[in-house]
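In what follows, every chain begins at residue 1, and chains take the letters A, B, ... in the order their sequences are listed.
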Amino acid sequence: MKNREIATIFESLADILEIKGENAFRVNAYHRVSRIIGDLPTDVADLVESGEITEIAGIGAGTAGQLAEYLETGRITRYEEAKKSIPKGLIELLSVPGLGPKTIGLVWNDLNVKSLAGLKRALRGGKILDLPGMGKKKVENIQKGISAYESRSGRLTLGAILPTAEEIVEYLKETTGVSDVSLAGSTRRYRETIGDIDVLAFSRKPAAVIEAFTGMPGVKEVLAAGTTKASVRVSGAMQVDLRVVPPDSAGAALMYFTGSKDHNVRLRGLAQEKGLKLNEYGLFKGDRRVAGKTEEAVFRRLGLPFIPPELREDRGEVEAALEGELPDLVEREDIRGDLHVHSNWSDGYATIEEVARAAKAQGHQYVSINDHTRSLGIAHGLSIERIEKQLKEIAKVNKKIKGITVLSGTEVDILSDGRLDFPDKLLARLDVVVASVHSGFAQSSDRITGRIVSAMENPHVDIIGHPTGRLLGTREPYAVDLERVMEVAAETGTALEINAYYERLDLNGVNVRRAVELGATIAIGTDSHHIDQLWMMDLGVHTARRGWLTKKSLLNTLTKSALLKRLGRK
DNA sequence: GCCGTTTTCGGCCCGACTGTTTTCAGTCG
């Protein structure tokens with residue numbers, strides 16, 4: 001599947017055209033094309049071949065032609081020509097905070113700057129000060145931007161920053177004159193990675209809030225501070241943006257600040273069609289505000305039901321809302337158990353009894369123990385003898401602790417030749433069999449897909465664990481043909497996992513949605529190795545919601561007896 | 001470049017902050 005590589009090409013093309021000062025709307029159109037193709041769960045080649053590609057809003061005849069050219073020849077003439085017209089090193093400069101296409105174009109044309117190194121030389125030489133519109137402060141800002149760019153860690157995982165984000169919210173709530181504080185941006189949409197933390201405060205005394213915010217403990221640098229918004233950098237190079245609006249505008253501001261940007265553009269377009277104007281202060285007809293206090297009111301006035309934040313990615317949610325076809329999303333309260341937890345019998349830290357008590361505290365009715373199997377020596381994988389002992393221990397814990405059931409399970413290794421690490425006879429006796437790939441990551445797509453498919457064809461395998469194997473920011477997915485896996489999952493009645501561990505979130509939302517479209521069922525497991533990780537069920541549920549998941553497609557919403565019946569039926 | 005029960009041409013979301021400007025351009029989200 002070439003979706004990612006094609007998306008990258010259109011992104012570069014947009015960047016090049018932007019630096020060259022092309023029409024901003026055309027640049028935007030290319031950015032949009034890049035995002036759409038990067039998000040596609042299906043192979044773009046199939047859509048081009050069938051001609052369906054132009055049915056997607058934002059992709060027209062021009063793009064379709066370029067896609068066809070790429071699939072046929074491996075190149076896009078428009079891109080090749082654009083690439084030749086500009087030094088390669090300039091594109092990187094767009095990632096320097098504070099440096100935009102206009103400035104880059106200026107230093108390129110007037111000072112012959114061709115790269116980051118060239119820009120640094122120009123800064124040292126002082127020549128840059130002679131450029132029009134360039135002053136001492138601007139030069140300083142560019143220098144700061146370069147340092148920030150060179151030291152930045154990129155996007156961080158949602159699970160890693162949520163605790164910090166929630167601390168900041170709690171801190172600001174204590175400020176006098178603040179009626180409420182909310183997280184916004186990609187954090188509120190529960191994107192798996194976060195570029196910066198967006199915080200929204202409601203107050204009629206913004207100055208006091210800005211002051212409290214910029215003076216917060218942990219603030220390393222104040223990037224900007226105005227009368228209603230401010231940006232700071234906290235430890236770990238993480239940027240936090242605060243916006244303060246009056247309580248009357250809370251709903252409109254939440255919408256504006258939650259995004260996504262593309263979703264907002266759609267809503268504003270919709271407002272425009274109705275002769276209205278939408279901004280962060282409200283929905284306006286002329287100078288009169290017709291909605292703004294709550295998100296529900298703004299949506300209603302636009303003729304829409306409430307769209308949950310997880311759906312606000314411009315992936316068809318506005319259209320679905322207009323048609324009255326938004327899904328009834330699964331909620332945390334619908335979850336009755338965790339279907340993938342490790343104990344200290346393999347590489348976890350808690351005893352089975354501790355897991356049971358902690359899972360009960362999470363409100364679960366059942367929790368499944370899925371330790372590793374013998375071939376995974378590094379994780380103390382269980383031998384057949386040890387899992388026999390573990391089954392006895394689980395029975396003992398179930399007798400001892402009331403109000404929760406510990407299900408017996410395993411995370412059985414899918415060996416590099418496709419066999420499973422435990423014999424069928426043993427698997428048949430376990431309640432919840434998760435099968436996962438932990439080796440042979442570099443295998444060809446055919447081989448690795450074949451392994452997973454043969455695991456799904458085993459009647460005792462209930463769930464495929466972390467189906468793509470990706471680790472956010474550190475490991476790319478293996479070359480699995482997900483579409484095929486989803487189809488076989490549907491055929492065989494094998495569930496696909498949302499591994500809710502914060503560095504995995506695998507499947508992600510886009511893939512969950514596609515899997516369910518193809519008829520597959522989903523199971524959420526936290527893959528906890530410590531009882532302090534069981535909370536990540538929240539991340540799993542929000543990921544499910546990002547995948548438009550309803551209650552009926554999720555195993556974890558079944559009662560214990562319904563679950564066991566369902567798993568036994570395969 | 002995309003799009004159209006107001007349009008196949010002429011639109012395309014909107015505002016805050018900063019710095020270099022005497023009224024605005026660039027950047028960002």
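For B:dG15, its base never sits under 3.5 Å from the side chain of A:Y256 at any donor and acceptor pair.
Taking side-chain N and O atoms only, A:T228 has a distance below 4.0 Å to OP1 or OP2 of B:dC17. For A:T227 and B:dA16, the shortest distance from a side-chain N or O to OP1 or OP2 is not below 4.0 Å. OP1 or OP2 of B:dT27 sits under 4.0 Å from a side-chain N or O of A:T103.
Distance check: A:L111 CG to A:L131 CG gives 4.5 Å after rounding to the nearest 0.5 Å.
Between A:Y281 and A:G135, the residue whose closest nucleotide on DNA chain B is further toward the 5' end is A:Y281.
Rounded to the nearest Å, the gap between the C1' atom of B:dT8 and that of B:dG1 is 14 Å. Taking atom C1' in both B:dC2 and B:dT7, the straight-line distance is 14 Å, to the nearest Å. Distance noted for atom C1' between B:dA16 and B:dC9: 33 Å (whole Å). On the C1' atoms, B:dC28 is 14 Å away from B:dC13, given to the nearest whole Å. Nucleotides B:dC17 and B:dC12 have their C1' atoms positioned 25 Å apart, rounded to a whole Å. Taking the P atom of each, B:dC14 and B:dT20 are spaced 30 Å apart, rounded to whole Å.
The side chain of A:A224 has B:dT18 as its nearest neighbour among B:dG29, B:dA16, B:dT18. The nucleotide whose nearest atom lies closest to any side-chain atom of A:D241 is, among B:dA16, B:dG29, B:dG19, B:dG29. Considering only the side chain of A:E280, B:dG15 comes nearest among B:dT20, B:dG29, B:dG15. Proximity note for A:K138 (side chain, C-beta onward) versus B:dG1, B:dG19, B:dG15: the nearest is B:dG19. Between B:dG29, B:dG1, B:dC17, one nucleotide has an atom nearer to the side chain of A:K229 than all others, and that is B:dC17.
Checked by atom type, the side-chain pair A:E22/A:Y30 shows no donor-acceptor distance below 3.5 Å. No donor-acceptor contact under 3.5 angstrom links the side chains of A:T543 and A:E192, judged on distance only.
A:R32 places no side-chain N or O within 3.5 Å of a backbone atom of A:D262 that could act as its donor or acceptor partner. Put simply, the side chain of A:R268 gets close to the backbone of A:L278: a donor and an acceptor are under 3.5 Å apart.
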### Task
Test side-chain contact (heavy atoms from CB on, under 4.5 Å) on A:I498 and A:R504 and set out the steps.
CA-CA 9 Å; A:I498 294 175; A:R504 290 193 182 271; over 6 Å; no
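By the 4.0 Å N-to-carboxylate-O rule, A:E319 lies close enough to A:R266 to be salt-bridged with it. Under 4.0 Å is where a charged nitrogen must lie from a carboxylate oxygen, and between A:R4 and A:E476 no such pair does.
At a threshold of 4.5 Å between non-hydrogen side-chain atoms, the residues A:L116 and A:E150 count as touching.
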### Query
What is the per-nucleotide protein-contact pattern of nucleotides 3-13 of chain B, from the 5' end, where B denotes a base atom under 4.0 Å from a protein heavy atom, S denotes such proximity for sugar-phosphate atoms only, and - denotes neither?
S--------BB
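A syn base is found at B:dT7: its glycosidic angle is within 90° of 0.
Near DNA chain B, defined here as any heavy-atom distance below 4.0 Å, there are no residues from residues 289-298 of chain A.
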